[in-house]
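Heads up, the thing below is written out as structure tokens.
Indexing begins at 1, ligand by ligand and atom by atom, following the structure's order.
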Amino acid sequence: MSCTEPRDLVQAYLDHELDLAKSLEMEQHFRECVPCSTASEEGRRLRTALNDGGLYFNAPPGLHKRIRAVTRAEARSNARPRTFRWRAITFGLPAALAAVIALSIVPLLRRPMTTDLLADEIVSGHVRSMMADHLTDVPSSDKHTVKPWFDGKLDFSPAVVDLADHGFPLVGGRLDYLGNRSVAALVYARQKHFINLFVWPSSHEETRDAPKSSRHGLNLIHWNASEMTYWAISDLNPAELGEFADLVRQRTEAIPKPG
Ligand SMILES: [Zn+2]
């Protein structure tokens, strides 16, 4: 089984829509293929997260009043002649429903991603960059080539540091999309291992727990510094990835801030 079919069928598989033979074939493939099993695991986790009570929101304080006001207006119009009542039903009620739906969905969309879901996205970003022959958009070991490449492509300018003297040569840079925004991906190497360093401006809602974690055989380190969020991820061992993160932290802090 190539990866095309599992990728097309993963949602159907998670919905138990496939027949037994196909399901078993998929499971066999997931045992042998890390990217596909990661994709399936992510789908499963997303389902669990969507069923989680954490996504339940209390209605904003004024909502009850506003619905009462709309329904009172509705009741008043019911006392009027039939044509008015019809208008109230066709225009008033859908508007009230739309308002309720909008008020309940907007906070959901604005809600910052949890660190756990974000870490899953970081893993996907890393796996994607390894499998799709798309590790770098700007392949270069020169920070003076990589840093200006991001100009105009992002609404911030990532600090790019040279760590070749510590055995972490820069490989290049790439645009990526994580946590509902465009981010810079800086790629470094350690012998045969690649490190993705994802960088974007930190928002205040972002949590700081679980700075170090590992999932799917990959190690992750997360920190915030100088109003930026950093995620380093690699199949490199935790000690060397920690060394890498410490170096990035020291060198980026040593860069004078513009202005
Ligand atoms: Zn596969």
**Study point:** Set of residues satisfying ring-ring contact (aromatic ring centres under 6.0 Å, His included) with respect to W149, sequence neighbours excluded
**Key:** none
Under 3.5 Å, which donor-acceptor pairs link side chains of residues 241-249 to any protein atom two or more places apart or in another chain?
none

Practice item. Any salt bridge (charged side-chain N to carboxylate O under 4.0 Å, His left out) involving residues 159-187? Give me the pairs, sequence neighbours left out, ordered by first then second residue. Key: R128-D176, D155-R181, D165-R251, R174-D176
Review point. Is the side chain of S40 donor-acceptor paired with the backbone N or O of C36 at a distance under 3.5 Å, no angle test?
Key: no
Check your understanding: When you measure from the side chain of S226 to the backbone N and O of M228, does any donor-acceptor pair fall under 3.5 Å?
Key -> no
Review point. Quick one: does L135's side chain get under 4.5 Å of M130's, heavy atoms only?
Key: yes
Check your understanding: What protein N, O or S atoms come within a distance below 2.8 Å of the Zn ion (ligand 1), ordered by chain and number?
Key -> C3 SG, H29 NE2, C33 SG, C36 SG
